[in-house]
Amino acid sequence: KNEVEQSPQNLTAQEGEFITINCSYSVGISALHWLQQHPGGGIVSLFMLSSGKKKHGRLIATINIQEKHSSLHITASHPRDSAVYICAVTGGTSYGKLTFGQGTILTVHP
Amino acid sequence: EPEVTQTPSHQVTQMGQEVILRCVPISNHLYFYWYRQILGQKVEFLVSFYNNEISEKSEIFDDQFSVERPDGSNFTLKIRSTKLEDSAMYFCASSEYRGDEQFFGPGTRLTVL
């Protein structure tokens with residue numbers, strides 16, 4: 001059974017700051033997903049990665065398979081980035097079942 | 001842009017009643033999932049469905065739960081006899097390929113009184 005841990009649990013930043021959220025998992029995976037959950041509850045997929053690095057706008061996700069660790073970075077943070085960021089993993093033998101971390105609550109103040 | 005839809009957005013029911021939560025996945029997707037999130041807790045996997053059968057299920061998904069794809073578009077989760085602890089947000093998701101990016105619906109908030 002894979003355990004997914006995120007840190008920090010809560011993060012407060014000022015607009016413009018560079019933000020890093022970390023995720024570690026205990027067992028080998030086929031892919032790691034970063035998701036965003038807004039206050040209304042909806043979940044949106046940000047990235048799916050199995051190696052290296054991906055970038056989309058101000059968001060960057062990296063993964064180190066050997067270390068079983070991933071980071072999500074937000075450059076030039078903005079109040080609209082305030083949300084819960086969730087790390088989730090899929091195992092190699094599963095049909096795509098996601099195992100979720102507990103989420104990081106990000107608040108960006110103007 | 002194609003999206004996953006769920007109905008109803010909020011369902012209130014009495015303990016012991018049956019509920020059916022409905023989802024319409026993205027039309028060309030083949031893999032379907034139900035997840036739930038109890039208030040304040042992490043999202044948990046319930047069941048995955050492919051080729052008209054359950055491919056994987058969690059310990060939570062006991063005999064009280066069932067899933068069905070009654071036609072070419074809908075994907076339903078039925079809870080036969082609801083308990084207080086079934087109160088949660090239920091998310092449907094779909095993906096085109098196994099292990100691919102999943103697209104989530106907006107969720108159904110189930111409240112069991």
Side-chain angles (χ1 to χ4, degrees), chain A residues 1-10 21 23-51 54 56 59 61 63 70 72 83-105, chain B residues 1-6 8-10 23 25-26 29-61 67 88-111:
Chain A
K1 183 181 171 182
N2 219 333
E3 300 291 336
V4 181
E5 297 290 334
Q6 289 183 235
S7 62
Q9 290 190 6
N10 285 278
I21 300 170
C23 174
S24 60
Y25 50 93
S26 57
V27 179
I29 61 170
S30 60
L32 184 140
H33 303 247
W34 281 103
L35 308 154
Q36 182 189 56
Q37 185 171 31
H38 281 283
I43 297 173
V44 175
S45 176
L46 298 175
F47 295 103
M48 186 181 84
L49 64 166
S50 52
S51 65
K54 286 191 176 180
H56 184 252
L59 301 178
I63 188 167
S70 174
L72 176 68
V84 179
Y85 291 84
I86 305 172
C87 170
V89 300
T90 49
T93 57
S94 82
Y95 275 79
K97 150 192 159 181
L98 290 173
T99 300
F100 292 77
Q102 78 275 24
T104 294
I105 303 171
Chain B
E1 187 175 324
E3 58 181 17
V4 177
T5 59
Q6 288 185 243
S9 55
H10 191 189
C23 169
I26 293 172
H29 285 188
L30 301 176
Y31 295 83
F32 314 114
Y33 309 87
W34 283 102
Y35 298 92
R36 79 170 186 192
Q37 185 177 33
I38 295 169
L39 189 64
Q41 297 186 22
K42 63 171 124 179
V43 180
E44 301 172 287
F45 168 77
L46 291 177
V47 65
S48 59
F49 192 86
Y50 168 72
N51 200 25
N52 280 319
E53 59 182 27
I54 291 173
S55 46
E56 197 169 5
K57 60 182 181 179
S58 72
E59 295 165 355
I60 303 166
F61 195 88
V67 288
M89 182 77 99
Y90 289 79
F91 293 101
C92 171
S94 69
S95 66
E96 189 173 0
Y97 305 109
R98 172 180 166 173
D100 201 4
E101 179 184 16
Q102 293 181 26
F103 292 80
F104 286 78
T108 293
R109 181 164 297 285
L110 176 64
T111 302

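Bear in mind the structure is a predicted one, so any value in this text is a computation, not a measurement. All chains are named by letter (A, B, ...) in the order of the sequence lines, taking the proteins before the strands, and each is independently numbered beginning at 1.
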TODO: Can you tell which part of B:S55 gets under 4.5 Å to a heavy atom of chain A, answering side chain, backbone, both or neither?
DONE: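 It is both, since atoms from each part get that close.
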Taking side chain as everything from C-beta outward and backbone as N, CA, C, O, which of these in B:Q102 sits under 4.5 Å from a heavy atom of chain A? Side chain, backbone, both or neither.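 Contact with chain A is through both the backbone and side chain of B:Q102.
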Which residues in residues 35-44 of chain B have any heavy atom closer than 4.5 Å to a heavy atom of chain A?
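Hits under 4.5 Å: B:Y35, B:Q37, B:K42, B:V43.
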At their closest point, which heavy atom of [X] faces which heavy atom of [Y], and how far apart are they?
X	Y	answer
A:S45	B:E101	OG-OE2, 3.0 Å
B:F104	A:I43	CB-O, 3.4 Å
A:L98	B:F45	O-CB, 3.8 Å

Above 12 or not: heavy atoms from other molecules or residues under 6.0 Å from NE2 of A:H56?
->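 12 or below, so no.
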Can you confirm whether more than 12 heavy atoms, excluding those of B:E96, are under 6.0 Å from its CD atom?
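Result for CD/B:E96: enclosed.
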How would you list, by chain and number, every residue that makes a side-chain hydrogen bond (donor to acceptor under 3.5 Å, both in side chains) with B:W34, sequence neighbours excluded?
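Residues passing side-chain hydrogen bond (donor to acceptor under 3.5 Å, both in side chains) with B:W34: none at all.
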So which residue, A:M48, A:K97, A:Q102, ends up with the most heavy-atom pairs under 4.5 Å with chain B?
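Going by pairs under 4.5 Å, I would pick A:K97.
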